Amino acid sequence: MSKSKEAAASSIILKYLNDQNRPYSTQDVFSNLQRDHGLGKTAVVKAMESLAQKGKIKEKVYGKQKIYFADQEQFPNVSDSELKNLDAEITELSSRLQSSQQSCRQLESELKDLSSSLTTEEMLKEISCLKEECDRHELKLTNIKSSTNHVSPEEKEKVYSDRKHFCKEWKKRKRMATDIFDAVLEGYPKSKKQFFEEVGIETDEDCSVTVPDA
């Protein structure tokens, strides 16, 4: 790397450390500056070591890792009242940030709702389809009302009577079959379920049906 590029890298890193005023490793600085300034890892390491040797930044060794941070001597001393003012400002800014984040979440929710809603064109098309469907149903209802092929009271009564008769027969035959099965099972060595499986009997319950109320 040329001296001009080394000087440029050192200047960028020094300004970054002074502006942020917090400790960083060489990897941190490389990750944070590489995209905007295109600094390579080797260039960052050399520049930070050089700055530390010249006393422009401070270096601390923790195990196998080196941490670099701005020279605190260059910053003016801050009084207790100034610190309190800064704390109050931080608290206010944090509150404003929280409020802004909440507003953003609300706006994002509203945007999501709007995005999932129908457009005016889509709603008009849907209304048109519903009107056509209503017209079809009204026509069908009109045809049914005007039809002369209605079920007579006598025919309706016969249907109900037949249904009642068949339901009674269903219950009667089911009761008879149950009595026969119980008599057979008294001398059967296996379980009722095994008997039904061997004989091939399917119960109402197996077919998920029940006797209707007559």
Side-chain angles (χ1 to χ4, degrees), residues 22 24-25 27-28 30-36 41 63 65 90-214:
R22 51 164 293 183
Y24 287 104
S25 66
Q27 180 61 44
D28 293 334
F30 166 70
S31 299
N32 296 340
L33 299 181
Q34 191 273 336
R35 186 180 65 178
D36 293 336
K41 179 66 178 295
Q65 187 178 31
I90 290 172
T91 300
E92 180 185 355
L93 291 174
S94 298
S95 177
R96 289 167 57 185
L97 174 61
Q98 186 176 3
S99 177
S100 297
Q101 289 175 334
Q102 185 175 355
S103 298
C104 285
R105 285 193 293 269
Q106 183 176 352
L107 290 173
E108 287 175 354
S109 177
E110 292 177 1
L111 177 60
K112 184 178 180 181
D113 291 339
L114 290 173
S115 299
S116 61
S117 301
L118 294 175
T119 63
T120 302
E121 183 180 354
E122 289 172 335
M123 282 194 288
L124 290 174
K125 185 177 180 180
E126 182 71 15
I127 291 172
S128 177
C129 292
L130 291 173
K131 284 183 177 179
E132 292 179 3
E133 187 176 352
C134 286
D135 292 340
R136 289 197 300 270
H137 289 310
E138 286 182 357
L139 178 60
K140 184 177 179 180
L141 180 60
T142 301
N143 292 335
I144 292 174
K145 288 181 177 180
S146 62
S147 175
T148 58
N149 187 24
H150 293 301
V151 178
S152 66
E154 293 78 12
E155 291 174 321
K156 185 185 294 185
E157 181 63 28
K158 186 178 184 303
V159 170
Y160 284 130
S161 177
D162 289 345
R163 179 180 182 274
K164 185 175 182 180
H165 169 72
F166 291 133
C167 287
K168 286 183 177 179
E169 285 295 317
W170 185 350
K171 292 179 180 179
K172 178 181 177 182
R173 297 186 182 189
K174 182 175 182 180
R175 186 164 53 250
M176 291 172 59
T178 301
D179 292 340
I180 293 172
F181 294 150
D182 290 342
V184 172
L185 287 169
E186 287 182 1
Y188 189 69
K190 299 180 182 180
S191 66
K192 182 178 181 180
K193 181 179 180 182
Q194 289 174 313
F195 171 69
F196 282 3
E197 289 177 351
E198 291 181 1
V199 179
I201 297 172
E202 289 185 348
T203 64
D204 293 344
E205 290 74 15
D206 293 334
C207 298
S208 299
V209 295
T210 57
V211 182
D213 294 331

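Side-chain atoms are counted along with the backbone in the values below, which use heavy atoms only and exclude waters and symmetry mates. If you're wondering where the values come from, they're calculated on a predicted model, not measured in any experiment.
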Separation of [Y] [atom2] from [X] [atom1] (nearest 0.5 Å):
X	Y	atom1	atom2	value
C167	K171	SG	NZ	7.0 Å
D182	Y188	CG	OH	14.5 Å
L97	C104	CG	SG	9.0 Å
R105	L107	CZ	CG	11.0 Å
F181	F195	CZ	CZ	6.0 Å
W170	T210	CH2	OG1	6.5 Å

For the [atom1] atom on [X], are there more than 12 heavy atoms of other groups (residues, nucleotides or ligands in this structure) within a distance under 6.0 Å?
X	atom1	result
E121	CD	no
E169	CD	yes
Q102	CD	no
E202	CD	no

Whether the side chain of [X] engages the backbone of [Y] through a donor-acceptor N/O pair (distance < 3.5 Å, no angle test) should be reported.
X	Y	result
S99	S95	no
T142	E138	yes
S94	I90	yes

For F30, what residues pass the ring-ring contact (aromatic ring centres under 6.0 Å, His included) criterion, not counting sequence neighbours?
-> none
Is there a side-chain contact between Q194 and S191 (heavy atoms, below 4.5 Å)?
-> yes
Tell me, do E133 and L130 make a side-chain contact under 4.5 Å, heavy atoms counted?
-> yes
With no hydrogens and no angle check, do the side chains of S25 and D28 hold a donor and an acceptor under 3.5 Å apart?
-> yes
Does a side chain donor of either S31 or Q27 reach within less than 3.5 Å of an acceptor in the other side chain?
-> yes
D162 with K158: basic N within carboxylate O range, under 4.0 Å | yes
Using 4.0 Å as the upper bound for N to carboxylate O, is an ion pair formed by K125 and E132?
-> no
Test salt bridge (Lys or Arg N to Asp or Glu O under 4.0 Å) applied to K164 and E157, step by step = CA-CA 11 Å; K164 185 175 182 180; E157 181 63 28; over 6 Å; no
If you draw the axis of the six-membered ring of F166, does the NZ or CZ of R163 fall within 45° of it and under 6.0 Å from the ring centre?
-> no
Would you sort out whether Q34 and K41 count as a side-chain hydrogen bond (donor to acceptor under 3.5 Å, both in side chains), showing the intermediate values?
-> CA-CA 8 Å; Q34 191 273 336; K41 179 66 178 295; over 6 Å; no
